[in-house]
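What follows is a short report on a single structure.
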Amino acid sequence: MKGIMFDMDNTLLQSRIDFAAMKNEIYRYLVELNVLPAAFPVQEHTSSTLIAHARRLGISGSIDETMMATIARHEMLGMEGAGLEPGVEPLLSSLYRRYTLIVVTNNSHAAARKALELTNISRYFDLVVGREQMAVMKPSPAGFDYAKRQYGSIAPDEWISVGDAWIDGKASMDAGIPFVSYRTSMEAMIAKGVQPIGRIDRIGDIMEFIN
């Protein structure tokens, strides 16, 4: 392995973003505008897949802007007081300068940089990919593909990625990058069509998959 791509929320950071409240606010907004029916199966979606679905329906630019502003507001609130997942700093310190380290997150680039700086781990990363660098957010592979283009000398099978959510795994798989599930069961991942190469409960155990 030559490079590792990390999800950020609940993988590197103990996120305080209320993802359920974020998604439900967007859902209610779309229902009020009759973009979505009240019976829409919102429980099957994340905020990013909900937004992607709305965009496929042909929403206006103003609706899209309102949704993204809603996400940004929840992100900034959630970044306040965010801490690290156990073992993150020692892991990054041991990997630093030995591997190319990248964060791929659906958060805005500014919010991600702020969170990494507040937790004193920004110095370890060669690249931070936020949603501004993606044509489409995860579970699209766009963010991973963007990162791969920046480091063209590293082959897809020389990367590995780790994250806690199925959207991380789906994006990674579709980009041709092996994925390790962090603290989420293999069964939950497989139910969403994701086939991790392994699962870990401690972030430092990612070392078991690095050769």
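Side-chain atoms are counted along with the backbone in the values below, which use heavy atoms only and exclude waters and symmetry mates. Along the sequence shown, the residues carry numbers beginning at 1.
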Review point. Should we count NZ of K23 as having more than 12 external heavy atoms under 6.0 Å?
Key: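 Above 12, so yes.
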Review point. Has R73 got more than 12 heavy atoms of other residues, nucleotides or ligands less than 6.0 Å from its CZ?
Key: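 Yes.
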Please check: side-chain N/O of [X] versus main-chain N/O of [Y], any donor-acceptor pairing under 3.5 Å?
X	Y	value
Q150	Y146	yes
D174	A171	no
E44	P41	no
T184	D164	yes
D126	I102	no
Y29	T66	no
K138	F144	no
T119	G83	no
S94	L91	yes

[atom1] of [X] to [atom2] of [Y]: how many Å apart, nearest 0.5 Å?
X	Y	atom1	atom2	answer
S47	M67	OG	CE	10.0 Å
R131	M134	CZ	CE	9.0 Å
I63	R55	CD1	CZ	12.0 Å
L77	M22	CG	CE	9.5 Å
Q195	S172	CD	OG	13.0 Å
L116	S122	CG	OG	6.5 Å

Should the pair [X]-[Y] be classified as a salt bridge under the 4.0 Å nitrogen-to-oxygen rule?
X	Y	answer
E85	R183	yes
E75	K114	no
R123	E89	yes
D201	R199	yes

Is any side-chain heavy atom of [Y] closer than 4.5 Å to one of [X]?
X	Y	result
V31	R28	no
L30	I26	yes
I210	L95	yes
W166	P139	yes
F19	T46	no
L92	F125	yes
L84	L12	no

[X]-[Y] co-clustered via ILVMFWY side chain contacts under 4.5 Å:
X	Y	result
I71	V128	yes
I167	M8	no
L118	V103	no
I200	F179	no
M5	M173	no

Please give me the minimum heavy-atom distance between [X] and [Y], naming the atom from each residue.
X	Y	result
A135	A142	N-CB, 3.8 Å
P196	M186	O-CE, 3.7 Å
P86	I203	O-CG2, 3.4 Å
E132	N107	OE1-O, 4.5 Å
S153	E158	O-OE1, 4.0 Å
G78	R16	O-CB, 3.3 Å

**Study point:** Matching residue for I59 among I51, L33, D64 - test: side-chain contact (heavy atoms from CB on, under 4.5 Å)
**Key:**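 Testing I59 for a side-chain contact (heavy atoms from CB on, under 4.5 Å) against I51, L33, D64 leaves exactly one candidate, D64.
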Exercise for review: Look at the aromatic rings of F40 and H53 and report parallel, tilted or perpendicular, splitting at 30° and 60°.
Suggested key: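 Ring orientation of F40 relative to H53: tilted.
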Exercise for review: Before giving the answer on side chain to side chain contact (heavy atoms under 4.5 Å, CB included), spell out for W159 and I154 the whole-Å C-alpha distance, their side-chain angles and the decisive distance to 0.1 Å.
Suggested key: CA-CA 7 Å; W159 291 103; I154 302 178; 3.4 Å; yes
Check your understanding: Given V180 and I160, is the side chain to side chain contact (heavy atoms under 4.5 Å, CB included) satisfied, shown in steps?
Key -> CA-CA 8 Å; V180 176; I160 195 168; 3.8 Å; yes
Review point. Could you walk me through whether D168 and Y182 pass the side chain to side chain contact (heavy atoms under 4.5 Å, CB included) check?
Key: CA-CA 10 Å; D168 305 319; Y182 174 61; over 6 Å; no
Point to revise | Full working for side chain to side chain contact (heavy atoms under 4.5 Å, CB included) between F209 and I4 | key: CA-CA 11 Å; F209 299 90; I4 309 169; over 6 Å; no
